[in-house]
Amino acid sequence: MGKQEPSERVYLDISNAIFEQRLKPGTKLGEQMLCEIFGVNRPVIRRALMRLSYETLVDIRPNRGAFVASPSPEDARQIFEARRAVEEWITRQCVACAGPSDIEHLHAHVAMEAEARRSGDRLHVIRLSGAFHLELANITKNSRMRRFLEELVAQTSLIISLYGKNDESLCDDDHARIVEAIAQKDSESAVKRICAHLDSCLSSLSFAEENDSTDLRSIFMDQRHYNTLSS
């Protein structure tokens with residue numbers, strides 16, 4: 001493998017810490033502290049933070065700095081409501097046009113999700129879960145609807161990673177049942193199952209505030225011993 005760019009390494013380590021719930025909502029990501037932890041200069045940290053901001057994982061506030069995003073319960077409700085409306089249309093289209101190869105591909109994806117759950121890889125499960133819904137959008141061949149859903153999936157994946165209670169919000173067999181309904185060309189059942197799935201994800205979230213402070217150094221040093229990155 002080629003040498004990883006310093007800003008890419010910082011981006012990946014911070015995003016993983018967010019998705020794995022090691023970084024809590026609202027945590028301040030001080031540039032100087034991150035420079036010391038990762039052994040890089042401020043421009044490297046800023047590039048990573050800008051990318052995280054673009055992906056809605058981090059909020060950059062003028063004159064205050066960067067903070068882990070902290071969507072409110074109302075934000076979550078609205079985002080899931082939008083997803084439900086979009087995915088009802090996508091699911092009906094899938095039922096209408098999914099062929100045998102599409103169904104086979106969806107079954108393979110569900111199998112990957114099951115394996116990730118068995119291995120206890122929460123981050124991988126969250127990402128595969130979001131990707132499943134984008135696979136449904138791909139079947140419709142509507143690129144605009146797919147891009148719209150991609151943004152909503154990114155936001156809901158963040159919300160689940162921040163506020164999900166352990167593994168309660170990680171789908172279980174919901175996706176398998178949705179694929180079964182699509183394969184049977186049962187539009188009403190497929191829509192009912194996907195709406196129930198999204199409602200279940202939303203209801204599993206916990207927005208209780210945590211008062212413990214966050215020590216950035218311990219969070220990242222506990223993850224592994226870092227090699228100094230060249231800037």
Side-chain angles (χ1 to χ4, degrees), residues 8-9 11-25 27 51-52 55-58 68-71 73 75-77 79-84 86-87 90-91 94 102-139 146 149-183 190 193-208 210 219-220 222-224:
E8 175 74 8
R9 177 74 170 277
Y11 158 79
L12 288 173
D13 284 336
I14 294 177
S15 63
N16 286 348
I18 293 172
F19 279 114
E20 292 167 2
Q21 295 185 317
R22 288 181 289 114
L23 277 173
K24 302 301 181 185
T27 300
R51 182 175 173 186
L52 290 161
E55 296 182 3
T56 72
L57 298 177
V58 164
V68 176
S70 52
D75 291 332
R77 187 193 65 76
I79 291 167
F80 272 95
E81 189 176 75
R83 272 196 66 174
R84 180 169 175 152
V86 170
E87 295 207 52
I90 286 174
T91 302
C94 281
D102 295 316
I103 300 301
E104 183 179 351
H105 183 72
L106 291 174
H107 278 307
H109 190 97
V110 168
M112 285 194 296
E113 290 184 60
E115 178 57 34
R117 283 196 299 274
R118 284 193 294 269
S119 69
D121 189 342
R122 186 175 189 275
L123 174 59
H124 194 39
V125 172
I126 290 174
R127 288 176 170 166
L128 283 173
S129 175
F132 170 82
H133 294 266
L134 296 178
E135 293 292 350
L136 296 182
N138 287 338
I139 293 173
R146 201 245 187 226
L149 180 61
E150 187 173 11
E151 179 182 345
L152 292 171
V153 165
Q155 293 173 4
T156 46
S157 293
L158 169 64
I159 289 168
I160 289 170
S161 70
L162 291 174
Y163 301 112
K165 294 178 289 187
N166 298 319
D167 290 337
E168 292 180 26
S169 52
L170 299 185
C171 299
D172 198 14
D173 294 325
D174 285 1
H175 289 173
R177 289 189 283 269
I178 292 165
V179 175
E180 178 185 3
I182 293 172
R193 290 177 184 184
I194 204 154
C195 289
H197 163 63
L198 293 172
D199 290 344
S200 176
C201 288
L202 178 59
S203 65
S204 73
L205 303 179
S206 173
F207 290 89
E210 298 187 29
I219 284 173
F220 291 108
D222 286 347
Q223 181 181 359
R224 64 172 177 272

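The first residue in the sequence is number 1, and the count goes up from there. Because the structure is a prediction, the values reported are computed rather than measured.
In this structure, His197 and His133 have parallel ring planes: the angle between them is below the 30° cut-off, well short of the 60° mark.
With sequence neighbours left out, Glu180 forms a side-chain contact (heavy atoms from CB on, under 4.5 Å) with Gln184, Arg193. Every residue two or more places apart in sequence or in another chain that forms a side-chain contact (heavy atoms from CB on, under 4.5 Å) with Leu12 is listed here: Gln4, Glu8.
Atom CZ of Arg127 sits about 9.0 Å away from atom OG of Ser157, to the nearest 0.5 Å. For the atom pair Leu57 CG and Gln155 CD, the distance stands at 10.5 Å (nearest 0.5 Å). Taking CD of Glu87 as the start and CG of Leu198 as the end, the distance is 5.0 Å to the nearest 0.5 Å. With rounding to the nearest 0.5 Å, the separation of NE2 in His175 from CG in Leu106 is 10.5 Å. Distance OG/Ser15 to CG/Leu52: 6.0 Å, rounded to 0.5 Å. Summarising the geometry, atom OG belonging to Ser204 is positioned 7.5 Å from atom CG belonging to Leu202; distances are rounded to the nearest 0.5 Å.
Closest approach of Phe220 to Asp13, counting heavy atoms only: CE2-O, 3.5 Å. The two residues Leu205 and Ile160 come nearest to each other via the heavy atoms CD2-CA, 4.0 Å. Taking every heavy atom of both residues into account, Arg146 and Asn138 meet most closely at NE-OD1, 2.9 Å. Summarising the geometry of Pro71 relative to Phe207, their closest heavy-atom pair is O-CE2, 3.9 Å, with the distance given to 0.1 Å. For the pair Glu113 and Val125, the tightest heavy-atom approach, listed with the atom from each and the gap, is O-CG2, 4.5 Å. Nearest heavy-atom pair across Leu136 and Ile194 is CD1-CD1, 3.8 Å.
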Show your working on side chain to side chain contact (heavy atoms under 4.5 Å, CB included) between Asp174 and Arg177 and close with a plain yes or no.
CA-CA 5 Å; Asp174 285 1; Arg177 289 189 283 269; 2.7 Å; yes
Evaluate side chain to side chain contact (heavy atoms under 4.5 Å, CB included) for Ile139 paired with Ile182, printing each intermediate quantity in order.
CA-CA 11 Å; Ile139 293 173; Ile182 293 172; over 6 Å; no
Apply salt bridge (Lys or Arg N to Asp or Glu O under 4.0 Å) to Arg84 and Glu81, showing your working.
CA-CA 5 Å; Arg84 180 169 175 152; Glu81 189 176 75; over 6 Å; no
Run the side chain to side chain contact (heavy atoms under 4.5 Å, CB included) test on Leu162 and Val68 for me, step by step, so that the C-alpha distance in whole Å, both residues' side-chain angles and the decisive distance to 0.1 Å come before the verdict.
CA-CA 10 Å; Leu162 291 174; Val68 176; 4.1 Å; yes
Apply the test side chain to side chain contact (heavy atoms under 4.5 Å, CB included) to residues Phe132 and Val153: give CA-CA distance (whole Å), side-chain angles for both, the deciding distance (0.1 Å), then the verdict.
CA-CA 10 Å; Phe132 170 82; Val153 165; over 6 Å; no
